[in-house]
Amino acid sequence: IYFAFQFYRFVRFNGALEKMVRFQENDIRFSTFTEQQVQKALYQVHHNYSKDTYLRQQKEREEKRFFSTWIHSMKTPLSVSYLLMQRFKRKEINNERYIKQMEGEQEKLVSQLDLVLNMLRLKEFVKDYTPTPISLSEEVNRIINQNRNLFICNQVFPRMEEVNERCTILSDQKWNDLVITQLISNGVKYSALKGEGEEKYLHFAIRKEDERIVLSIWDEGVGIPEYDMPRIYEAFFTGENGRRTDKSSGIGLYFCKQVCDMLGHELKITSKLGEGTTVTLSYLSKL
């Protein structure tokens, strides 16, 4: 009788498991404690699998959207270059103007290529992370010099307001350079939207606050509307200002936020419409 009862329970339990697998029924009741624990473990495995699948699908959708936006951004300077070439062949523009405008479109292409490569590198951030002591003032000056053509073309001038030469941070130089370069590019881009004939400056300040070293970059540009501020770190969000220029992809600040979170740096942005935007990079350092 005992073995018959055990055999019956074994057959019933395996039948219930098979029914769960085939028909994905979750309302099957198990009688013994062991069977209930098995049921709970199966539910947990299924829940974790469903969650992982959802997150993976969401990431794939985001990557697909990113590459679609990036391809669209690449098409614009290519189309402009083709039109410039046609105008040059018809002798509608002179050599100097043609070369200058073509250089501008080439810079856009290189910028977009660099951005997508860096986004791909984010997936293997740990393998590409080497923290080193960095003199923040020297790094900022070097990046400004590297981007002097950007300042000249947009008629925006850098201005160092406050510099503490003894501020040394601990960070990965390459990733930190990319963040600062992107923030400078944004500041110049939106400063250029101001009216013609006005002097345009991008201001810099480096100071020490307790155990933190703070880099502030602020412009006198158009500013960001208050209703856009909560979404500025979202991927592909361009906001009202992004609709005023074809240079905005909505990826720059998203990239900066992702890198800063991985590096352990704090990124804050404040803005007033019509007055400008202030970006603050805060580094935790005891050097």
Side-chain angles (χ1 to χ4, degrees), residues 1-73 115-132 170-172 174-176 178-179 211-212 227-239 249-269 282-286:
I1 293 173
Y2 172 77
F3 284 113
F5 176 71
Q6 291 296 331
F7 179 74
Y8 165 75
R9 194 164 67 177
F10 172 78
V11 171
R12 183 180 58 81
F13 177 66
N14 280 274
L17 288 180
E18 185 179 358
K19 193 175 181 181
M20 286 180 64
V21 172
R22 292 181 60 187
F23 303 106
Q24 298 183 359
E25 293 186 19
N26 298 326
D27 58 346
I28 299 174
R29 301 299 176 185
F30 294 95
S31 56
T32 67
F33 175 77
T34 303
E35 292 174 354
Q36 290 172 359
Q37 291 300 109
V38 171
Q39 183 185 32
K40 187 183 295 184
L42 288 172
Y43 286 166
Q44 188 62 45
V45 169
H46 177 72
H47 173 74
N48 293 339
Y49 173 77
S50 299
K51 184 179 179 181
D52 291 343
T53 302
Y54 172 76
L55 292 175
R56 186 166 58 253
Q57 289 175 346
Q58 190 177 35
K59 190 173 183 180
E60 288 175 356
R61 285 195 296 268
E62 186 174 297
E63 288 180 352
K64 184 178 179 180
R65 187 181 173 193
F66 167 75
F67 281 107
S68 298
T69 305
W70 175 73
I71 290 170
H72 178 73
S73 300
L115 181 59
V116 75
L117 288 173
N118 292 324
M119 289 294 293
L120 290 172
R121 288 195 192 106
L122 276 177
K123 295 180 180 179
E124 299 183 355
F125 179 84
V126 176
K127 297 180 182 178
D128 199 26
Y129 173 65
T130 307
T132 55
L170 186 66
S171 182
D172 183 283
K174 184 183 72 174
W175 287 109
N176 193 57
L178 292 172
V179 171
E211 293 184 350
R212 287 189 173 272
Y227 50 80
D228 280 346
M229 288 298 294
R231 300 185 60 193
I232 57 176
Y233 298 126
E234 291 183 15
F236 316 110
F237 179 72
T238 57
S249 62
I251 302 172
L253 284 180
Y254 168 78
F255 171 77
C256 290
K257 181 64 174 173
Q258 294 292 313
V259 174
C260 285
D261 288 346
M262 291 179 178
L263 291 174
H265 306 328
E266 187 178 359
L267 177 65
K268 287 186 178 179
I269 298 178
S282 180
Y283 304 88
L284 183 62
S285 175
K286 297 182 180 180

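As the structure is a prediction and not an experimental result, all values here were calculated from the model. One-based numbering along the sequence shown.
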Donor-acceptor pairs under 3.5 angstrom involving side-chain atoms of residues 255-267: please list them, not counting sequence neighbours.
from, atom 1, to, atom 2, distance (Å)
H265, NE2, S171, OG, 2.9
E266, OE2, K268, NZ, 3.4

Inset, instruction - Look up atom CD in E234 and atom CG in D228, then write down how far apart they are to the nearest 0.5 Å. - result: 10.0 Å
Inset, instruction - Name all residues meeting the side-chain contact (heavy atoms from CB on, under 4.5 Å) criterion together with T53; count only those two or more places apart in sequence or in a different chain, and write none if there are none. - result: Y49, R56, Q57
Legend entry - Over all atoms of both residues, closest heavy-atom pair of N118 and R121: OD1-NH1, 2.7 Å
Legend entry - Over 12 non-hydrogen atoms of neighbours within 6.0 angstrom of NZ in K174: yes
